[in-house]
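Data block below; observations after.
Order of the sequence lines sets the chain letters (A, B, ...), proteins ahead of strands, with each chain counted from 1.
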Amino acid sequence: MTPPPNFIREIIEGDLKEGKNEGRVHTRFPPEPNGYLHIGHAKSICLNFGLAAEYGGLYNLRFDDTNPSKEDVEYVDSIMEDVRWLGFDWEDRLFYASDYFEKLYEYAVQLIKKSKAYVCDLSADEIREYRGTLTQPGQNSPYRERSVEENLDMFERMRQGEFPDGSRTLRAKVDMASPNLNMRDPVMYRILRASHHRTGDKWCVYATYDWAHGQSDSIEGITHSICTLEFEDHRPLYDWFIDQLGIFHSQQIEFARLNLSYTIMSKRKLLGLVQEGHVGGWDDPRMPTISGLRRRGYTPESIRDFCERIGVAKRESTVDIALLEHCLREDLNKRAPRVMVVLRPLRLVIDNYPEDQVEELDAVNNPEDSSMGTRKVPFSRVLYIEKDDFREDPPKKWFRLAPGREVRLKHAYYVTCTDVVKDEKTGEVVELHCAYDPESRGGWTKDDRKVRGTLHWVSAAHSFPVEARLYDHLFTKEDPDDVKEGMDFKSNLNPRSLETLASCQAEPSLKDAEPGSRFQFMRQGYFCVDTVDSTPDALVFNRTATLRDTWAKIEKALQESEK
RNA sequence: UGGGGUGUAGCCAAGCGGUAAGGCAGCGGCCUUUGGAGCCGCCAUUCGGAGGUUCGAAUCCUCCCGCCCCAGCCA
């Protein structure tokens with residue numbers, strides 16, 4: 001399969017044709033360790049690493065750790081775990097911008113010597129005032145024309161910790177009248193006494209993104225530095241620094257970040273959900289984080305497939321989350337073994353089935369893949385079926401169970417409903433009585449009689465209780481940020497994003513299911529054993545995705561036509 | 001009102017002067033021991049709008065309109 005064309009591939013192929021960079025393709029994924037990776041990062045990882053792999057190049061993992069006040073090792077660990085899980089191996093090419101702090105400092109000295117950088121004593125507020133506005137040019141800082149000697153001395157003293165936090169900065173001397181605000185003497189270093197997760201207290205001056213990023217790319221010999229659209233305005237500065245220094249020139253290319261319907265992708269907002277307890281953590285199965293998706297039961301293959309299918313372009317867009325779910329189902333359909341689990345049990349007694357008899361019936365593990373074999377499922381007189389599979393007063397087109405109706409029990413027999421037992425007080429149906437056809441063993445008869453409905457079931461005496469967690473979109477709105485005045489995205493949180501069913505009944509083969517293992521609960525959806533809360537004695541399953549539910553559509557259409 | 005981007009179907013997205021790929025969603029049908037899966041078919045006479053160039057324009061030119069990003073010592 002040849003990957004779909006996109007503008008970045010076009011650029012790379014053009015470069016290759018021209019023999020640029022000696023034919024090398026070298027990319028990097030540069031996360032800041034200030035949060036967990038999400039599906040949007042997966043797009044970037046697949047793009048960066050996928051492209052390098054495709055053109056026989058290399059890719060680096062580089063932590064952009066230039067702001068110690070927001071960063072933490074917890075995040076670097078999770079990021080490495082997530083990237084590996086997605087299926088990418090950076091081999092020995094793990095780097096940190098902090099690896100280059102000394103080099104960056106030397107580069108800064110070079111710029112000072114070229115009179116292209118200066119120490120500025122303006123406060124943050126003053127810098128803002130001097131910067132001008134979108135329509136008005138800025139004014140030069142009064143410190144702009146300090147001598148090289150004084151700048152060298154002051155910069156050295158900044159590093160030595162002689163000045164308080166925020167009191168001075170090192171700025172690039174570019175152009176205060178530039179229509180591009182990024183060129184109005186951007187800050188390269190700020191004084192910040194914060195302990196860095198790797199360099200500890202060695203430094204009290206830290207490079208800004210603009211100063212660190214391009215030079216890090218250059219040091220690593222990155223040929224194509226792929227980033228998101230909001231950095232487009234920074235490209236002239238990216239190029240300016242590299243040109244002033246006369247070092248290897250990486251090419252920055254920008255693409256549109258991923259947005260997903262019913263989802264937020266902002267790390268800041270995601271952090272808020274975690275901190276305020278709206279979700280259980282970064283790895284809550286409702287989160288769009290890689291760790292959340294993993295715990296939910298997503299496969300790395302399905303995520304990579306998704307990232308390929310959404311394409312790469314420069315126009316801002318929001319991908320329908322149904323596409324992600326589709327990729328997941330397509331993958332799991334082929335690999336997930338089928339099992340029978342009754343989510344909301346309803347007792348069903350087969351009156352004409354011998355009291356003590358138990359049959360071990362053959363069940364196919366995956367109709368899509370016969371190599372996955374078969375298993376035995378016990379059948380007996382008392383079963384559980386799904387509450388939703390019985391209607392006392394069935395609507396049109398209903399071909400599940402109802403009084404007098406015959407259905408097939410998957411892998412087993414045909415049964416006909418003969419009696420309904422209700423709770424005297426509530427009127428709730430509590431038990432069904434059926435008669436089975438002994439000639440229908442395996443689920444078919446010689447007379448080829450049509451039985452349209454097929455239900456899943458478990459034997460009451462052989463099944464065991466499990467918990468199922470049914471997840472739905474975290475937000476009720478396609479665009480969670482679409483809110484009324486004064487409200488924020490949290491007002492769109494879906495109160496029903498998690499439904500816990502504590503007394504489901506599972507077939508015995510599930511007893512030894514390992515944490516993380518995935519199944520299709522027949523006619524219900526894909527589920528996986530939770531890796532955090534599940535124990536061998538009390539299994540917890542997360543619903544990864546529902547199956548397509550044609551009946552739900554039919555019923556909805558039926559109800560609407562009656563109105 | 002400065003600068004940088006960007007407009008192709010409900011949602012993504014190909015297209016690069018020769019007459020609108022593909023996927024998702026949706027809708028019909030077939031098939032089915034999962035109302036699952038699979039299979040078949042339908043779904044843009046038109047590309048943000050208006051002019052122009054050309055035998056021929058989504059592709060080139062002009063003007064207009066919409067949307068996104070930028071005034072952190074965040075990334």
Side-chain angles (χ1 to χ4, degrees), chain A residues 4-6 10 30-32 34 64-67 69-71 120 122-124 127-129 131-138 165-171 178-184 186-192 205-206 208-210 212-213 227-236 254 256 258 261 267-268 309-327 329-330 333-334 338 340 364 366-368 397-400 408-412 414 440 442-444 451-456 478 520-525 546-555:
Chain A
N6 65 52
E10 229 163 74
E32 183 189 13
N34 68 342
D64 219 336
D65 55 349
T66 56
N67 185 0
S69 63
K70 290 186 176 174
E71 297 154 8
C120 182
L122 255 24
S123 69
I127 286 184
R128 190 179 316 122
E129 283 165 24
R131 186 154 33 222
T133 67
L134 293 178
T135 50
Q136 292 171 314
D165 284 13
S167 62
R168 286 181 169 78
T169 56
L170 183 75
R171 294 227 257 163
S178 171
N180 180 345
L181 302 235
N182 295 117
M183 301 300 269
R184 320 241 264 227
V187 170
M188 297 165 62
Y189 279 96
R190 68 275 210 188
I191 302 174
L192 178 63
V205 290
Y206 288 96
T208 56
Y209 166 85
D210 285 311
H213 202 91
C227 63
T228 44
L229 252 29
E230 68 270 26
F231 293 104
E232 209 147 20
D233 288 343
H234 294 244
R235 192 182 344 126
E254 311 85 11
L258 171 67
S261 58
K267 275 202 229 175
R268 201 195 89 243
R309 291 209 211 187
I310 55 178
V312 183
K314 295 195 72 159
R315 74 185 83 105
E316 194 157 316
S317 61
T318 301
V319 176
D320 191 340
I321 195 164
L323 179 58
L324 212 211
E325 292 165 350
H326 169 83
C327 293
R329 290 192 187 103
E330 194 173 76
N333 176 47
K334 292 186 209 115
R338 316 286 128 123
M340 294 196 286
V364 167
N366 188 342
E368 304 291 319
K397 297 186 182 175
W398 174 266
F399 45 84
R400 276 120 93 145
R408 172 169 38 242
L409 296 176
K410 181 78 184 176
H411 309 305
Y414 291 173
S440 63
W444 59 275
V451 173
R452 297 213 57 191
T454 302
L455 312 188
H456 61 283
E478 246 182 80
Q520 184 196 98
F521 288 5
M522 292 203 84
R523 304 207 307 131
Q524 301 284 352
T546 58
L547 251 28
R548 264 187 70 209
D549 190 351
T550 304
W551 166 246
K553 275 183 201 167
I554 294 171
E555 188 170 36

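To the nearest whole angstrom, the two C1' atoms, one in B:rG66 and one in B:rA50, are 15 Å apart. Across the C1' atoms, B:rG10 and B:rG5 are found 25 Å apart, a figure rounded to whole Å. A distance of about 11 Å separates the P atoms of B:rU59 and B:rG17, rounded to the whole Å. As rounded to the nearest Å, B:rG48 and B:rA37 have P atoms that lie 35 Å from one another.
No N or O donor and acceptor, one from the side chain of A:Gln524 and one from the base of B:rG36, sit under 3.5 Å apart. Judged by distance alone, with hydrogens and angles left aside, A:Arg400 brings a side-chain donor or acceptor within reach of the base of B:rG35, the pair sitting under 3.5 Å. Donor-acceptor pairing under 3.5 Å, judged by distance alone, is present between the side chain of A:Glu10 and the base of B:rC16.
Closest to the side chain of A:Ile310, from the set B:rG2, B:rC12, B:rA75, is B:rC12. Distance from the side chain of A:Lys397 is smallest to B:rG35 among B:rG36, B:rA71, B:rG35. The nucleotide whose nearest atom lies closest to any side-chain atom of A:Thr208 is, among B:rA75, B:rG36, B:rG2, B:rA75. Minimum atom distance to the side chain of A:Asn180 is reached by B:rG3, of the listed B:rG35, B:rU1, B:rG3. Residue A:Arg128 has its side chain nearest to B:rA71 when only B:rC74, B:rG10, B:rA71 are considered. Of the candidate nucleotides B:rC70, B:rA37, B:rC74, B:rC70 has the atom lying nearest to any side-chain atom of A:Leu134.
The residue A:Pro4 sits apart from the nucleic acid: no heavy atom pair falls under 4.0 Å. Looking at heavy-atom distances under 4.0 Å, A:Ile127 makes contact with a base. If you check every strand for non-hydrogen atoms under 4.0 Å, A:Glu368 touches a base. A:His411 comes within contact range of at least one nucleobase, with a heavy-atom separation under 4.0 Å. Counting non-hydrogen atoms under 4.0 angstrom, A:Glu325 reaches nothing in the nucleic acid. Using a 4.0 Å heavy-atom cutoff across all strands shown, A:Arg452 reaches at least one base atom of the nucleic acid.
A donor-acceptor distance shorter than 3.5 angstrom exists from the side chain of A:Arg408 to the backbone of A:Val451, with no hydrogens or angles considered.
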Output a table of nitrogen or oxygen pairs between the protein and nucleotides 4-7 of chain B separated by less than 3.5 Å.
residue, atom, partner, partner atom, Å
B:rG4, O2', A:Asp233, OD1, 3.4
B:rG5, O2', A:Glu232, OE1, 3.4
B:rG7, OP1, A:Arg315, NE, 3.4

Polar atom pairs (N or O), protein with nucleotides 17-23 of chain B, under 3.5 Å:
residue, atom, partner, partner atom, Å
B:rG23, O2', A:Arg309, NH1, 3.0

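OP1 or OP2 of B:rA13 lies within a sub-4.0 Å distance of a side-chain N or O belonging to A:Ser317. In this structure, A:Arg548 does not reach the B:rA25 phosphate: none of its side-chain N or O atoms is under 4.0 Å from OP1 or OP2. Side-chain N/O atoms of A:Thr66 include one lying less than 4.0 angstrom from OP1 or OP2 on B:rA75. Remark: A:Ser178 is not in phosphate contact with B:rG3, judged by side-chain N or O atoms under 4.0 Å from OP1 or OP2.
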Item to check | 5'-to-3' dot-bracket of RNA chain B (Watson-Crick, G-U; under 3.5 angstrom; crossing pairs as [ ]; | other strand) | outcome: .(((((((.[[[..)..(...]]].(((((.......))))).....[[[[[..)....]]]]])))))).....
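Rounding to whole angstrom units, CZ of residue A:Phe231 and C1' of B:rC68 are separated by 15 Å. Rounded to an integer number of Å, the gap from A:Arg131 CZ to B:rA71 C1' is 6 Å.
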Item to check | Steps toward side chain to side chain contact (heavy atoms under 4.5 Å, CB included) verdict (A:Thr169, A:Ile127) | outcome: CA-CA 10 Å; A:Thr169 56; A:Ile127 286 184; 4.0 Å; yes
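Under the side-chain hydrogen bond (donor to acceptor under 3.5 Å, both in side chains) criterion, A:Glu555 pairs with A:Arg391, not counting sequence neighbours. Under the side-chain contact (heavy atoms from CB on, under 4.5 Å) criterion, A:Pro367 pairs with A:Arg338, A:Val364, not counting sequence neighbours. Applying the side-chain contact (heavy atoms from CB on, under 4.5 Å) criterion to A:Ala212, with sequence neighbours excluded, gives A:Thr66, A:Leu104, A:Ala207.
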